[in-house]
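Bear in mind that the values here come from a model prediction, so they are computed numbers and not experimental data.
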Amino acid sequence: MLSKLQPAGAFVTRQLLTPDSSVTSKLSSCPHLKSTARRAFLAISRDSKKLRSNVSSAATSRNGPPDDNKCFITTPIYYVNDQPHIGHVYTSTVADAYARFQRSRGRDVFFLTGTDEHGLKVEQSAIKRGISPQALADENSACFREMLVNMDISFDGFIRTTEPYHKLQVQHLVEKLRQKGDVYLGKFEGWYDEGQEEYYTETKAKELSYKSPISGKDMSRSSEENYYFKLSAYQTQLEKLHRECPDFLSPPARRNEILSRITQGLNDVPISRTNFSWGIGMPNDDAHVIYVWIDALLNYITALGLAEEPNSAASVGKATRHSRGELMDYWPASVHIMAKEISWFHSVIWPALLMALELPLPERVHAHGFWIRDGKKMSKSLGNFVDIKTLTRYTDHYGLDGFRYFMLVEGPIMSQDANFASSRVQEVYNTDLVNTVGNSLSRTTAMVNKYYDGFVPTERGPQGGRIAFGERYDWPVVTAEAANQVIHAIEALEFPKAAAAAVALVAKVDLFINELEPFRLARDVTKAEELGAILYQCLEALRIACVLLEPFLPNKISEVSENLDLGHGTLDERVKWGLLQPGSTVKKMAIFPRVHPLDELGMPVVT
């Protein structure tokens, strides 16, 4: 975990990073393109024969065969003209839960986040404050990093687009596109959404009533000489990608929106600006600054060093994994996670850029919905914004894991937006965590301590066989089904379904206790074997449920593990029935205290 005092100018991973290879050398050692999205890319690439040849040589590359165990997870890099809010926290939490889940399954995860620090808005905000754009970027990047640390987001890398190694690689990649003929100088006539820093043609702007589809603010008329990326050249490839690879962009509703827009025809997109200076200069043309979105999208590969020249000046002083080139093998990304307003850039412009650069496509792009309040989009002007100060009051009150759980089970993970309400935070916390998970752990561990002095009993009878209580409570089958449901749901990023399956397992333990009444059996010495079997099975089912809930409640489950042995190894190994050893000790626990409700600002409700 990063220190809050980490110097703002450093690109940080758990080990400092420096790439050592160019795009060309990366192509000779890139992982096999085995996913449907990547297979589609091979089929539709303009130069797929060459790429196949490069991929086939992977086995003889310096690092040997590609490692299918690697998992690269990203958030978007957050724009430093903004301050952290619930949207940033939610996206980061989703990515973190997925990263923790994949690590628990034994995968080699690299989880990347960071800050996007160039652009007109940053320059304008800095001028208003009378400071340099770099000073503003340093200040706000530190705020985002502090937010991630305080929310216990387990990122492995934090990239800043003002870092020299990123800027050099961006220029290298853009020059490569220019030399290939995918970038050319032209003139833009149309409309500009300043808030999103996105261009629109007259036709598209008219459809939108000349207002930003995100902020609702008026667009401005723009006429400017720009360098363009030939997005139109990839029309057929992009249509084929989205038609034949339905898992490339999720949720499905988002894919349908994007595909509809693609089929209306793609225009070439401006990738440079001339009306501000705070950005990465266009190679060989100082009058142009590279468009902030191109700069930002390329972070996913510059962070891994895919375009850094060997022994470049930007590499000097960097160490370990980066300098050895180990990070390059994490590409392609397993999943890019973001909010829906930037799905166009990530599912259309980004794959087109990768096609042009002859690099593999990410396996998946997931664009979740927005948090709203009372059916309205959150905004500062409406006063319904959930900022970091409000979020901190919630996390202080419900605990970091308590609020994290609420976000993961109630958040807008799929196509629908999600309403944020303090009453719902209280309800979810009480229902799932206090009354179900917490209560079941408390009552079960209390009975084991009362009847067995804290030693785990056995579920086996005198002859060594398991004492069973009917098909309904065939716990090896019940827990295996729950584990399967949770694993498949999290793989699909369906966190509400995953949590529901795990909590349902806990609720079944409560039902088991209520029906078999071990507290009654404890009064009958002839029922000692049954009592021991019931309590063992309750503990073992709860152990498995806790393992499944670990991505949701990492700190609380760690607390449970101090009182109950949750097992060792990967998640898949730990959820097998029977790992809890009879004779081991278990302590009484109460992990979710009851708390009073908060109002919409995170303040105590006055009664």
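No salt bridge links Arg364 with Asp247; every basic N to acidic carboxylate O contact stays at or beyond 4.0 Å. Taking 4.0 Å as the cut-off between side-chain N and carboxylate O, Asp108 and Lys70 count as a salt-bridged pair. With respect to Glu239 and Arg243, a salt bridge is recorded, a charged nitrogen being found less than 4.0 Å from a carboxylate O. Salt bridge Glu550/Lys556: absent, no basic N to carboxylate O contact under 4.0 Å. A salt bridge is absent between Arg103 and Asp96: the closest approach of a Lys/Arg side-chain nitrogen to an acidic carboxylate oxygen does not fall below 4.0 angstrom. Ion pair Arg100/Asp152 flagged as a salt bridge, since at least one NZ, NE, NH1 or NH2 atom sits closer than 4.0 Å to an Asp/Glu carboxylate oxygen.
Geometrically, Arg255 does not engage Phe248 in a cation-pi contact defined by less than 6.0 Å to the ring centre and at most 45° from the axis. The cationic group of Lys340 lies under 6.0 Å from the six-membered ring centre of Phe370 and within 45° of the ring axis, placing it in a cation-pi geometry.
Heavy-atom contacts from other residues, nucleotides or ligands closer than 6.0 Å to CD of Gln416 number 12 or fewer.
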Would you check, one step at a time, whether the test ring pair (Phe, Tyr, Trp, His ring centres under 6.0 Å) holds for His336 with Phe72? CA-CA 9 Å; His336 293 311; Phe72 182 32; 7.0 Å; no

Ring pair (Phe, Tyr, Trp, His ring centres under 6.0 Å) for Phe406 and Trp371? Distances and angles first, verdict last. CA-CA 13 Å; Phe406 163 77; Trp371 283 100; 5.8 Å; yes

Do Gln169 and Tyr165 pass the side chain to side chain donor-acceptor pair (under 3.5 Å) test, and can you show the C-alpha distance, the side-chain angles, and the key distance before you say yes or no? CA-CA 6 Å; Gln169 288 183 86; Tyr165 80 93; over 6 Å; no

